[in-house]
Amino acid sequence: MTLMLSVWMWFEQEPPFAADGLRPKEEPSVAVMGAVPPAGSASAAEEPEAKPVSGSAAAGKKAARTNYKLFPHSGQDLKRFKAVEVTATGYYAGIESTGKEPGHPEYGVTYSGLKVTRDVESFSTIAADPSVFPIGTVLYIPGYGYGVVADTGGAIKGKRIDLYFETKDQVYREWGKKTLNVFVVKEGSGKLNEVLWNTLKTELLF
């Protein structure tokens, strides 16, 4: 009788077991989206504030790029650089500017050997008289951006430069012909290749 009473008291005190007999039953915990915990509760105090994620952060925190057409790199003060007044025209790789058509082995290839390029967020290739601006010279050209002297031209003599654009339409619509001051950010050595090009970008823009 005493043994039966003890067993009955044990069942009354212990929590009911699950059907498998291994662990106590527990009430399920349900998280409701949009539910706001009461003020002062542990959930309200510990839950971090949600913040919007910008597009660059969502894309792996890619470094933001800057359009340099109107303003130079933020770390550069144009007052530090030599200003030279030039006449600047524009050209493109087509036959009207270079006498070459697509398919020609030298189409789009500059005097330095690099391909022509236009990038307002980095460097663009330009043509100049090497006796004034040696090959590899980096100029800041207001309204155009950074131009690296990579090319020459029969009509490009003295203080005249030719700025590369991707199409003939862009030459006329975006530039035409202007007389303005350009700034010598770094004077070239007379040589330019892809390694030097990338070195200049790292040194001056990053």
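All values below were derived from every heavy atom in this structure, side-chain atoms included, with hydrogens, water molecules and symmetry-related copies excluded.
Residue pairs meeting the salt bridge (Lys or Arg N to Asp or Glu O under 4.0 Å) criterion with at least one member in residues 143-169, sequence neighbours excluded, are E96-K168, D169-R173. Applying the side chain to side chain donor-acceptor pair (under 3.5 Å) test to residues at least two apart or on different chains, the pairs with a partner in residues 106-116 are T110-S112. Residue pairs meeting the side chain to side chain donor-acceptor pair (under 3.5 Å) criterion with at least one partner in residues 180-196, sequence neighbours excluded, are K186-E203.
The backbone N or O of Y68 sits nowhere less than 3.5 Å from a side-chain atom of T66 that would complete a donor-acceptor pair. Judged purely by atom type and a 3.5 angstrom limit, S97 has no side-chain atom pairing as donor or acceptor with the backbone of A93.
V138 is listed as a side-chain neighbour of L204, based on a closest heavy-atom distance under 4.5 Å. Contact of the L139 side chain with the I126 side chain is registered, since non-hydrogen atoms from C-beta on lie closer than 4.5 Å. In this structure, the side chains of S122 and L205 come closer than 4.5 Å at one or more pairs of heavy atoms. In this structure, W175 and I141 have side chains that are in contact, with non-hydrogen atoms separated by less than 4.5 Å. Here the side chains of L192 and V148 are in contact, with some heavy-atom distance below 4.5 Å. A 4.5 Å side-chain heavy-atom check between K69 and E174 finds at least one atom pair inside the cut-off. Taking 4.5 Å as the limit, every side-chain heavy atom of R118 sits out of range of all side-chain heavy atoms of V116.
Listed by chain and number, the residues in a side chain to side chain donor-acceptor pair (under 3.5 Å) with Y146 are Q76 (sequence neighbours excluded). Residues passing the ring pair (Phe, Tyr, Trp, His ring centres under 6.0 Å) test with F133, sequence neighbours excluded: none. Take T179 and apply the side chain to side chain contact (heavy atoms under 4.5 Å, CB included) test, not counting sequence neighbours, and it matches E85, T87. Considering only residues two or more places apart in sequence or on other chains, Y92 meets the ring pair (Phe, Tyr, Trp, His ring centres under 6.0 Å) condition with none of them. Take W197 and apply the ring pair (Phe, Tyr, Trp, His ring centres under 6.0 Å) test, not counting sequence neighbours, and it matches F123. Listed by chain and residue number, Y140, L180, F183 satisfy the side chain to side chain contact (heavy atoms under 4.5 Å, CB included) test with P142 (two or more places apart in sequence, or in another chain). The side chain to side chain donor-acceptor pair (under 3.5 Å) test applied to T202 returns no partner, not counting sequence neighbours.
Here the closest heavy-atom approach between residue G188 and residue P134 is recorded as O-CB, 3.7 Å. The shortest non-hydrogen separation linking V171 to G90 is CG1-O, 3.5 Å. When all heavy atoms of T152 and P130 are compared, the pair lying nearest together is CG2-CG, 3.5 Å. Here the closest non-hydrogen pair linking G158 and V132 is O-CG2, 3.5 Å.
With ring centers used as reference points, Y91 lies under 6.0 Å from Y164.
Classification of the F165-Y144 ring pair by plane angle, with boundaries at 30° and 60°, yields perpendicular.
The cluster map of Ile, Leu, Val, Met, Phe, Trp and Tyr, joined by side-chain heavy atoms under 4.5 Å apart, puts F206 and L196 in the same cluster. Follow the hydrophobic side-chain contacts under 4.5 Å out from F81 and you reach L200 in the same cluster. Cluster annotation: L78 is connected to V84 through the hydrophobic network of ILVMFWY side chains, with a link wherever side-chain heavy atoms come within less than 4.5 Å.
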